[in-house]
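These numbers come from the heavy atoms of this one structure, side chains and all, not from hydrogens, waters or symmetry mates. Chain naming here is simple, since letters A, B, ... match the order of the sequence lines and numbering starts at 1 in each. Note that this is a predicted model, so its numbers are computed, not measured.
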Amino acid sequence: MTFLGPISITTFLWIAGGASALVISAYIIKMRRRRFEVPFAQLWRRVLEQKDANALWKQLKRLMSLLLILFILGMVLFAALDPTVGAVNRSARSVVVLIDASASMKAMDGNKAGNKSRIEAAKERADELIDSMGGGDVAMVMKVDGQATPLSRFSSDAPMLHNIVHGSDTVTADPNARPATAAAGDQARAARDAEIAKRGGTLGGIVASDTPADLTRALGAAADALRDRPNPLIVLISDGAFPEAQLGLVSWAPQVDRGLGLGTGSGSAGPKIVKDLASVDLTNIDVRYLPVGERSDNVGIVSFNVRRYIANKAAYEVYIEVQNFGQEPASRDLALYNGDTAVDIKRLVLKPGERIKKIYEKLPASTLFLSSRSGPIVARSWFSSVAGSFS
Amino acid sequence: MPASASGPFRAVGTASQPGQGGQGRVAPKKNRADDRKQLFDDKFLKTLEHLHMVSRKVFAGNIRAERRTRKVGSGIEFADHRTYTRGDDFRYIDWNLYGRLDKLLLRLFEEEEDLYIYILIDVSDSMSIGNPPKVHYAMQVGAALTYVGLANLDRVAIIPFGDRLIDRLPPSRGKNRIHRVFDFLRTTKLGGKTDVAECMKDFVAQNKRRGLAVVISDFYDPKGFEQGINTLRYNKFEPFVLQIYDKREAEPNLHGDLALVDCETGDTKEVTISKSLLEAYMREHEKYCQELDDYCSKRAMPFFRTHTGIPFDELVLKIFRSGGFLR
């Protein structure tokens, strides 16, 4: 049996001794009965003589009550040691769980069947990670998209951390969903804000955004949060699709897993990789990477913009940038929709890491809603309700 | 806690004194019963006057101020005849009867003497318990009986006692002595254990004039009450027994783990008060009181049992109506 609690045996013995002394003192104090003056104690003595047959049982009952209290105290202290059968011997750690919520995490290759998104798969990995936390481990959940957003404080409360990761059904609705009316939008936002406030400012479950992940900022924030904490650990759960500029700051090197049940994954970034970022001080911080996503190919819209011409305000120009984050060449259809009607569909062939820019000029003014889709990825630009799609 | 300081069971300090055989002793404390300034106020005096008037109505027609005894002597009321024997006073020979019957018969007269009433008031520690303290109640009853006795021109003495006779107000007569009685009762030292037997023994040794001995006490005597009362009887006193208790002594409202300290002996008994134990105690208390009642009844001694909740004047009237005190 191994004790996972953060308390050393010596400290534990001191605490146990002190608590036992307190209990016994309290017991003795209780034994010191209130004294009451009676006019004729002989009457009480006569009565008690008749009851003395039970005196031994009464004494035993008192002794048993003390033993029972001490037994309960012992059980409580034993539980505080967090005993675990067959557990590894390690000390408590402070963990920052970085969950990638960039646009690429919407890709529906979270499992082999292709019916689960990467963000859902990332949440499951986060769940496994939280469940594997030991007695003294504390964790903080941080959402990584265009910015790094801490969703919790350091806590060992697993249910609370699970709730932060998943949230409830009432607030997990897509924040980018288009409200039917402005009033309905206000009401939805108010309800959402109330729910967020109720749950301590969390977003009620992590959803993938439309922005790329700012890895540098996230690692910097995690490093800051872990400063001066014992056994710091950063776990990054991501599909590995980071912008070129950030990837350039990262050098990847494999490292042996030292516990915590971190999975290996089969994503594009490979198993158990440590990042060494020149721009982020990660000295003495253990950094782990948990990849999600079944396919190594990863093509997405990384830039999307719509604007009117200065000379002709009735016409629009759409700018779309598509990048292949995978290590294999990829072929995709880029479709531009006006509402439900396709305006243009083009076949794009992208080399590994290639980024292609497409500009659609002089689109008609009647276009009210444009969307650009690349597979499951939808990019929207609310410019007079204009959006583009790519598939 | 129902058993407050004002109840029959007083919460006391937890300090124990060494050298008491391992049993806790109550630390010296100021006796609440010591405050007797307001005990005999004007209202009390008016009540006594009322009681005196009522007693005169109740016993109208009876002889007051004098008591006839079986003694023959210099009285003026003829009682009986008896045969002359040598040595009798010639002056009491009924010569008329000698002329008719030719027998020497002596005329007997009832001798008149004052009645001596001794009011014996228990002032031991156990009497200081209760709300009001039982000793206050006992003193009021004693003062009321004294007043009526004084008003009836009886000779009344007051003798407080505990484990010994503490003090003594010599027998006196006349209503005007009542203020002296009040002063005496106000200043009487209180406290001590209860030892009725020893006190009665001393009492009969010190008082050769027989009379009515009114004993007012709770009779919480570890040695028992029988010997003391018997001492009075055997020495030709007429015992008149008044037992006073506090209602909450008979029906205490206690619970939990307590250390019960005897207010006189300091003996401590640790108990866990349960409902059944409380009921057993109440039965035991009732049994103890009933034993005293039976003892007195079997020996034709007037006995009254009362608690401090009953106004003292009611008790005094009850005593008058019973006919045991006034004749």
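Atoms CZ and CZ, from Phe312(B) and Phe44(B) in turn, are 4.0 Å apart once rounded to the nearest 0.5 Å.
Neither the backbone nor the side chain of Lys287(B) comes within less than 4.5 Å of any heavy atom in chain A. At a 4.5 Å heavy-atom cutoff, the contact between Ser276(B) and chain A is made by backbone and side-chain atoms alike.
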- Could you go step by step and tell me if Lys223(B) and Glu264(B) meet the salt bridge (charged side-chain N to carboxylate O under 4.0 Å, His left out) rule? CA-CA 13 Å; Lys223(B) 295 178 183 173; Glu264(B) 291 185 2; over 6 Å; no
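A donor-acceptor distance shorter than 3.5 angstrom exists from the side chain of Arg186(B) to the backbone of Phe40(B), with no hydrogens or angles considered.
Aromatic ring centroids of Phe219(B) and Tyr245(B) lie 6.0 Å or more apart.
Annotation: maximal heavy-atom pairing with chain A below 4.5 Å, among Thr194(B), Leu277(B), Asp218(B), Asp257(B), occurs at Asp257(B).
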